[in-house]
Amino acid sequence: MQPGYPPQQPQQIDNNITMSIVAIFLFWPLAIPAIINASKVNPLIQQGDYAGAQAAAAESKKWSKWALIVGLVWIGLIVVCCLFGGLAGLVGGSSTN
């Protein structure tokens, strides 16, 4: 370190832990790797491995996005099936009288 220069602050990298936790409620099988990778980011920053921290954050974001997408599509399919099943029950139930 040179005299007169302030010490460098460690680079801030978003670990995506919030998105990973939200994703676990939608589709947990894909959210588990997201949480594991998110938990690796801060220790890697403390060790000075910024490239590794960036890679872990990118992996966490990728798994979180996939968990969110699959979970929302799954919920959408369930809602559509329930609506059509309910409508089919109403139509089929009225003709049995």
Side-chain angles (χ1 to χ4, degrees):
M1 184 165 95
Q2 302 254 341
Y5 289 101
Q8 277 189 320
Q9 295 295 323
Q11 188 177 358
Q12 293 296 322
I13 299 172
D14 183 21
N15 60 7
N16 301 307
I17 194 73
T18 305
M19 188 164 59
S20 301
I21 291 172
V22 170
I24 205 162
F25 293 110
L26 293 174
F27 195 71
W28 66 268
L30 295 178
I32 290 173
I35 290 175
I36 291 171
N37 282 305
S39 68
K40 292 179 183 178
V41 173
N42 290 340
L44 288 172
I45 291 173
Q46 290 173 350
Q47 294 172 3
D49 185 6
Y50 298 115
Q54 286 261 311
E59 283 290 309
S60 173
K61 190 172 186 177
K62 176 185 79 171
W63 286 107
S64 296
K65 280 185 178 181
W66 276 109
L68 290 171
I69 290 168
V70 170
L72 290 173
V73 167
W74 182 252
I75 289 172
L77 285 173
I78 290 171
V79 168
V80 168
C81 288
C82 287
L83 287 176
F84 282 130
L87 290 175
L90 288 175
V91 171
S94 64
S95 64
T96 58
N97 288 337

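Rounding to the nearest 0.5 Å places CD1 of Ile35 at 13.0 Å from NZ of Lys40. Atom SG of Cys82 is separated from atom CG of Leu87 by 11.0 Å, given to the nearest 0.5 angstrom. Between atom CG of residue Asn42 and atom CG of residue Asn15 there is a gap of 5.0 Å, rounded to the nearest 0.5 Å. Atom NZ of residue Lys62 and atom CG of residue Leu30 lie 10.0 Å apart, to the nearest 0.5 angstrom. Asn37 contributes atom CG, which lies 12.5 Å from atom CD1 of Ile32 (distance to the nearest 0.5 angstrom). Note: Asp14 CG to Lys61 NZ = 7.5 Å, rounded to the nearest 0.5 Å.
The heavy-atom pair separating Ser64 from Ala23 by the smallest distance is O-CB, 3.9 Å. Closest heavy-atom contact between Ala31 and Ser20: CB-O, 4.0 Å.
Side chain of Asn16 to backbone of Ala57: a donor-acceptor contact under 3.5 angstrom is found.
In the hydrophobic clustering of this structure, Trp28 groups with Ile36; members are Ile, Leu, Val, Met, Phe, Trp, Tyr whose side-chain heavy atoms approach within less than 4.5 Å, directly or through other members. The cluster map of Ile, Leu, Val, Met, Phe, Trp and Tyr, joined by side-chain heavy atoms under 4.5 Å apart, puts Ile24 and Ile17 in the same cluster. A continuous path of Ile, Leu, Val, Met, Phe, Trp and Tyr side chains, each step under 4.5 Å between heavy atoms, connects Trp63 with Val70, placing both in one hydrophobic cluster. Following chains of ILVMFWY side-chain contacts shorter than 4.5 Å, one cannot reach Val73 starting from Val22, and the two form parts of different hydrophobic clusters. Hydrophobic clustering of Ile, Leu, Val, Met, Phe, Trp and Tyr side chains at less than 4.5 Å, counting indirect connections, keeps Phe25 apart from Leu72.
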